[in-house]
*Asks:* 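Just dropping this structure here.
The analysis underlying the following values was restricted to heavy atoms, covering all of them including side chains, and did not include hydrogens, waters or symmetry mates.
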Amino acid sequence: MQHHLPLKNKLIIMLSVMASLFLVALDQTIISTALGRIVEEFHSFSSLSWIVTAYLLTTTITVPIAGKLSDIFGRRIMLLIGVAIFGAASLMSGLSGTVEQLILWRAIQGIGGGIITANAFTIIGDLFAARERGRWQGLFGAVFGLSSVIGPLLGGWLADGQSVFGLTTDWRWTFYINVPVAIVAFIVIAVFCPMLKHSKKPVIDYAGAALLALGLGTLVLAVDNTDKIFAQLLESTDISLLTLRLIMAAIVVAATAAFIWVERKVREPILPLRFFENRNFVLIMGVATLFGAAFMGSILYLTQFNQQVFGASPTESGLMLLPMVAGLMITSIISGQIISRTGRYKIFMQIGIVVGTVMVFALSTLTPESTYIYEAIIMTLLGAGLGVVMPVINLAVQNEFTQQDLGVATSSSQLFRSLGSTIGVAMFGAVLTAGLATSLTNMEKDPYVQKLAQSDEARQFGDLTNYDTLLNLNMPETKQKVTVGFKEGIQDMPPAAQQEIMREFTAEQAAYAHKVTHAFSDSLQRIFLVSSVLMLVATVLVFMLKEKPLRAASPDQTPGV
């Protein structure tokens, strides 16, 4: 722990850590726009889910383990390992010759990302006293907000093929871009970040780490793209998706029970059970979990709303989120400064969570008839509320423990937020599917769908009873392609007949679009309502917190860096 480092050194270290964290946060969103190009090159649509889930799986498992290891071996060495793994795996991901290689390197990249995430927020506590941490937590929160918009935009720009230093970019550049930043961050951390040794002999909880990895890994696979990841198993056996998930749930329960038993016995547990005797810790973990689910629901499905309801392209839908990101960044930075000056954090959590809850509920009032200005106002206020809460969650949990437990305490909040996001996205996906199933029944009888099914190019549209296909038919690019193809099919007819047929076709297409758009909008309203309920529960938990004044003096001098 180094409060006595020169301020210049602290600033250099924090900038390098922020750069590393930005890479990790960016990677979670930049890959989304490149996925289409990746599966197109490798001709492996069945592996699409694994490209995303492999990274998520290893990151979720790594975060709590890396947090504990950093308490044992120090933040500096763990951060260097994390940056090195992330940079090397990013390079190898870009060089992948097969989709199997890409999935492998994505998994290794997730390990590096988990180590960085676990230590980036913790190192603030090593360099600054509790009262000083607010402004840095706020800046880190702003980094996450910024990456959520820059990621899709940059990913789409690179994947579309640009000329950079005489080279033409493609999807591989979404990984290559990480390498130079990782190298610079590694050098700066190695040079400026001090190295302190612990007086006690490190003890690693191997059994706890293995059981935690088994439980978390199985949980992620049970809720995230289970049907797609295990499609081959489900097709080749009599096991149903429900049965598979029940088996996986049993494994999670068994691994959790064994983990608790082991953690009670070992000398240096991965996740000390005594933490759960701290009332504030339990409440904050509940807030982190619920907040993670609600935040991901807002970001992910607002993008879907803009595309399906407003007809925006993927790039345009990302730009439409700018008001929320602006609100998030501004309040995240400002609230962090005020918290550092006053030493009070609970009031900011209360205000932020209340505003966020009200605005998530306001999202449920969006309809196809709503204006973008109305949505932008809601998004700005939503971002403002979330921007206050995001950084304070880490600050609050750090304030509950001594320097010796700082790493595992901070990584715990990252873990619970990540689990909340993963489970929340899966839950919201189920809500969306159920809503569409109710609203889009018997769509194969729709005149527009029947006309497409009878066309010579029907196969290119996919299964016209599938909800993904029905939604894709309503996208601007697909509608334009269908219209052009239909015109070419009737070009040999007399002009008068062409006009009459196109008039009828256009009317049927508009009626179809109205059905799909309102079905999707109604389903999203349910998602935002569920999300607002989760936020409401989180609000109750925030008001139950007992605030402890942020320490202005240095914490105990247990080495942490």
*Asks:* With side chains defined as the heavy atoms from C-beta onward, is the minimum distance between Leu541 and Leu290 less than 4.5 Å?
*Replies:* yes
*Asks:* For Phe348, check ring pair (Phe, Tyr, Trp, His ring centres under 6.0 Å) against everything at least two apart and list the hits.
*Replies:*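 By the ring pair (Phe, Tyr, Trp, His ring centres under 6.0 Å) rule, Phe348 matches no residue at all.
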*Asks:* Test side chain to side chain contact (heavy atoms under 4.5 Å, CB included) on Phe543 and Val354 and set out the steps.
*Replies:* CA-CA 10 Å; Phe543 276 83; Val354 168; 3.9 Å; yes
*Asks:* If you look at every heavy atom in Val431 and Ser523, which pair is closest and at what distance?
*Replies:* CG1-O, 4.5 Å
*Asks:* How about CZ on Phe361, more than 12 heavy atoms from neighbouring residues, nucleotides or ligands closer than 6.0 Å, or not?
*Replies:* no
*Asks:* Heavy atoms, side chains only, cut-off 4.5 Å: are Thr58 and Ile108 in contact?
*Replies:* no
*Asks:* Is any side-chain heavy atom of Tyr372 closer than 4.5 Å to a side-chain heavy atom of Ile377?
*Replies:*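 They are not in contact (no side-chain heavy atoms under 4.5 Å apart), so the answer is no.
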*Asks:* Can you find a pair of side-chain heavy atoms, one from Phe428 and one from Arg526, that are under 4.5 Å apart?
*Replies:* no
*Asks:* Just by distance, do the side chain of Thr59 and the backbone of Gly110 share a donor-acceptor pair under 3.5 Å?
*Replies:*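 Yes: the side chain of Thr59 pairs with the backbone of Gly110.
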*Asks:* Before giving the answer on side chain to side chain contact (heavy atoms under 4.5 Å, CB included), spell out for Ile393 and Met349 the whole-Å C-alpha distance, their side-chain angles and the decisive distance to 0.1 Å.
*Replies:* CA-CA 8 Å; Ile393 289 177; Met349 286 189 77; 4.3 Å; yes
*Asks:* Rounded to the nearest 0.5 Å, how far does CZ of Phe416 lie from CD1 of Ile423?
*Replies:*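 These two atoms lie 10.0 Å from each other.
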*Asks:* When rounded to the nearest 0.5 angstrom, what is the spacing between CE in Met324 and CG in Leu328?
*Replies:*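 It comes to 7.5 Å.
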*Asks:* Determine, step by step, whether Met359 and Phe528 satisfy the side chain to side chain contact (heavy atoms under 4.5 Å, CB included) criterion, reporting the C-alpha distance in whole Å, the side-chain angles of both residues, the deciding distance to 0.1 Å, and the verdict.
*Replies:* CA-CA 10 Å; Met359 290 303 109; Phe528 292 135; over 6 Å; no
*Asks:* Is there side-chain contact between Leu386 and Met535, with at least one heavy-atom pair below 4.5 Å?
*Replies:* yes
*Asks:* Using 0.5 Å steps for rounding, measure from the CD1 atom of Ile85 to the OG atom of Ser90.
*Replies:* 11.5 Å
*Asks:* Would you mind listing every salt bridge (Lys or Arg N to Asp or Glu O under 4.0 Å) that reaches into residues 505-516, with sequence neighbours excluded?
*Replies:* Asp446-Lys515, Lys451-Glu508
*Asks:* Closest heavy-atom contact between Ser418 and Thr60?
*Replies:* OG-OG1, 3.4 Å
*Asks:* side-chain hydrogen bond (donor to acceptor under 3.5 Å, both in side chains) with Ser532: which residues, sequence neighbours excluded?
*Replies:*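 Not a single residue meets the side-chain hydrogen bond (donor to acceptor under 3.5 Å, both in side chains) criterion with Ser532.
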*Asks:* Between CG of Leu21 and CD1 of Ile116, what distance do you get to the nearest 0.5 Å?
*Replies:*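 Between atom CG of Leu21 and atom CD1 of Ile116 there are 8.0 Å.
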*Asks:* Side chains of Thr367 and Ser521: is there a donor and an acceptor less than 3.5 Å apart?
*Replies:* no
*Asks:* Compare every heavy atom of Ile353 with every heavy atom of Ala538, then report the nearest pair and how far apart it is.
*Replies:* CB-CD1, 4.2 Å
*Asks:* Shortest non-hydrogen contact from Leu534 to Ala293?
*Replies:*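 Closest pair (atom of Leu534, atom of Ala293, distance): CD1-CB, 3.9 Å.
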*Asks:* Check whether any side-chain heavy atom of Glu375 sits under 4.5 Å from a side-chain heavy atom of Leu302, and report yes or no.
*Replies:*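 In short, these two side chains touch, coming nearer than 4.5 Å.
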*Asks:* May I ask you to check whether Ser364 and Gln525 show a side-chain donor-acceptor distance below 3.5 Å?
*Replies:* no
*Asks:* Do any pairs count as a ring pair (Phe, Tyr, Trp, His ring centres under 6.0 Å) and have a residue in residues 503-523, sequence neighbours left out, and if so which ones?
*Replies:*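 For residues 503-523, and leaving out neighbouring residues, the ring pair (Phe, Tyr, Trp, His ring centres under 6.0 Å) pairs sorted by first residue read Tyr448-Phe505, Tyr448-Tyr512, Phe486-Phe505, His514-His518.
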*Asks:* With side chains defined as the heavy atoms from C-beta onward, is the minimum distance between Leu419 and Leu216 less than 4.5 Å?
*Replies:*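 The answer is yes; the side chains approach within 4.5 Å.
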*Asks:* Once you round to the nearest 0.5 Å, how far does CD of Gln109 lie from CD1 of Ile103?
*Replies:* 13.5 Å
*Asks:* If we only count heavy atoms from C-beta on, is the Leu366 to Phe305 side-chain gap below 4.5 Å?
*Replies:* yes
*Asks:* Any donor-acceptor pair under 3.5 Å linking the side chain of Ser421 with the backbone of Gly292?
*Replies:*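 Yes, Ser421 side chain to Gly292 backbone: donor-acceptor pair under 3.5 Å.
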*Asks:* About how many Å separate CG of Leu363 and CG of Leu382, when rounded to the nearest 0.5 Å?
*Replies:* 6.0 Å
*Asks:* Provide the closest heavy-atom pair for Pro368 versus Thr517 in the form atom of the first, atom of the second, distance.
*Replies:* CG-CG2, 3.6 Å
*Asks:* Which residues pass the side-chain contact (heavy atoms from CB on, under 4.5 Å) test with Leu221, not counting sequence neighbours?
*Replies:* Trp50, Thr53, Leu57, Ile229, Phe230, Met248
*Asks:* Using atom types as modelled and distance alone, determine if a side-chain donor or acceptor of Thr365 lies under 3.5 Å from a backbone N or O of Ala362.
*Replies:*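 Side chain of Thr365 to backbone of Ala362: a pair is present.
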*Asks:* Going by atom types alone, do Thr243 and Ser240 pair a side-chain donor with an acceptor below 3.5 Å?
*Replies:* yes
*Asks:* Looking at every heavy atom in both Thr174 and Asn178, which two are closest together, and how far apart are they?
*Replies:*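 That closest heavy-atom pairing would be O-ND2, 4.0 Å.
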*Asks:* Between the side chain of Arg417 and the main-chain N/O of Ala288, is any donor-acceptor distance below 3.5 Å?
*Replies:*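 Checking the backbone N and O of Ala288 against the side chain of Arg417, no donor-acceptor pair under 3.5 Å is found.
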*Asks:* Check side-chain contact (heavy atoms from CB on, under 4.5 Å) between Ile351 and all other residues, then give those that pass, not counting sequence neighbours.
*Replies:*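 So Ile351 forms a side-chain contact (heavy atoms from CB on, under 4.5 Å) with Ile347, Val355.
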*Asks:* Between the side chains of Tyr176 and Ser93, does any donor sit under 3.5 Å from an acceptor?
*Replies:* no
